[in-house]
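Each residue takes its place number in the sequence, starting with 1.
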Amino acid sequence: MSTAQQLWDDVDAYFTSLLCPTDEVLTAALRDSDAAGLPAISVAPNQGKLLQLLARLQGARRVLEIGTLGGYSTIWLGRALPEDGRLITLEYDAGHAEVARRNLARAGLEGITEVRVGPALESLPKLAEERQEPFDLVFIDADKANNARYVEWALKLTRPGSLIVLDNVVRGGRVTDAGSEDPSVRGTRAALELIATHPRLSGTAVQTVGTKGHDGFALARVLD
């Protein structure tokens, strides 16, 4: 481990212990995800707390998450919702979805959360057909190649004032490479360009360092 990475880890550990200590439910969600062989790519605790604060600042009642994994970020978001809130999370892998459902049940969130299984680009049109109330916050953390398409769907499923959060936009700095052939880089650049040019979006992006290395996120507000 590099000296820089150790420093980033130490700072994240300090912030987490002071400002966003986890509990047994969150710890168990990570432990069970690891035991089930899920990749260790959940958000860091301080990032989970940020998502929770954003949802609360939004006064969110309805949240859409694209990319569930083991439900760790889902728990952070679900805990921000009122008793009559609703969180729908989309997961490609059925095995991952089962782990997430167990983790959400342990967290006492099964009544307000729903895990839908299948490719998100198939689940999103079905969700639109249901003509549910608009979502107040959309968290996008799925396959990066389709990031721009996910942002487009988020626009269709939200309202003026809604917030779209796009994770992992820095790609270790590779996002600056306009000639990259990496689908994740190309998809992320396309999403950022969409946020920059779409008349109904106002957004920014922030790079971060920490336990997740050199990364970052984008925020976009849906305009009238």
Can you tell if the side chain of [X] reaches within under 4.5 Å of the side chain of [Y], non-hydrogen atoms only?
| X | Y | result |
| --- | --- | --- |
| Arg200 | Leu155 | yes |
| Leu77 | Leu137 | yes |
| Asp143 | Tyr150 | yes |
| Leu124 | Leu90 | yes |
| Asp32 | Arg106 | yes |
| Pro45 | Leu26 | no |
| Val222 | Ile164 | yes |
| Arg189 | Leu192 | no |

Residues clustering with Val99 (ILVMFWY side chains joined when closer than 4.5 Å, directly or via others):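 Cluster partners of Val99: Leu38, Ile41, Leu69.
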Whether [Y] and [X] form a salt bridge (side-chain N of Lys/Arg under 4.0 Å from carboxylate O of Asp/Glu) is what I want to check.
| X | Y | result |
| --- | --- | --- |
| Arg61 | Asp136 | no |
| Arg101 | Glu98 | yes |
| Arg79 | Asp23 | yes |
| Glu122 | Arg116 | no |

[X] with [Y], same ILVMFWY side-chain cluster at under 4.5 Å:
| X | Y | value |
| --- | --- | --- |
| Ile75 | Leu53 | no |
| Leu54 | Val151 | no |
| Phe139 | Val63 | yes |
| Val209 | Phe15 | no |
| Leu109 | Tyr72 | yes |

Between [X] (side chain only) and [Y] (backbone N and O only), is there a donor and an acceptor less than 3.5 Å apart?
| X | Y | answer |
| --- | --- | --- |
| Ser162 | Phe135 | yes |
| Arg174 | Ser180 | no |
| Lys144 | Val169 | no |
| Asp12 | Thr211 | yes |
| Asp167 | Asp141 | no |
| Glu91 | Ala120 | no |
| Gln132 | Leu157 | no |

Look up atom [atom1] in [X] and atom [atom2] in [Y], then write down how far apart they are to the nearest 0.5 Å.
| X | Y | atom1 | atom2 | result |
| --- | --- | --- | --- | --- |
| Arg186 | Thr188 | CZ | OG1 | 12.0 Å |
| Arg149 | Leu194 | CZ | CG | 12.5 Å |
| Arg56 | Leu81 | CZ | CG | 9.0 Å |
| Asn168 | Thr208 | CG | OG1 | 8.5 Å |
| Lys212 | Asp9 | NZ | CG | 10.5 Å |
| Asn46 | Thr22 | CG | OG1 | 11.0 Å |

Least distance between heavy atoms, [X] atom then [Y] atom:
| X | Y | answer |
| --- | --- | --- |
| Gln52 | Ala80 | O-CB, 3.7 Å |
| Val117 | Ala97 | CG2-CB, 3.5 Å |
| Pro199 | Leu223 | O-CD1, 3.8 Å |
| Val25 | Ala107 | CG1-CB, 3.5 Å |
| Ser123 | Gly118 | OG-O, 4.0 Å |
| Thr68 | Ala100 | CG2-CB, 3.6 Å |

Residues that Arg86 engages under salt bridge (charged side-chain N to carboxylate O under 4.0 Å, His left out), provided they are two or more places apart: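 Here the qualifying residues are Glu114.
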Member of Leu104, Ile88, Val115 meeting the side-chain contact (heavy atoms from CB on, under 4.5 Å) criterion with Thr74: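 With Thr74 as partner, side-chain contact (heavy atoms from CB on, under 4.5 Å) holds for just one option, Leu104.
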Intermediate values then yes/no, side-chain contact (heavy atoms from CB on, under 4.5 Å), Phe217 and Leu51: CA-CA 11 Å; Phe217 58 92; Leu51 290 172; over 6 Å; no
Residues in side-chain contact (heavy atoms from CB on, under 4.5 Å) contact with Leu57, at least two apart in sequence or another chain: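 For Leu57, no residue satisfies side-chain contact (heavy atoms from CB on, under 4.5 Å) once neighbours in sequence are set aside.
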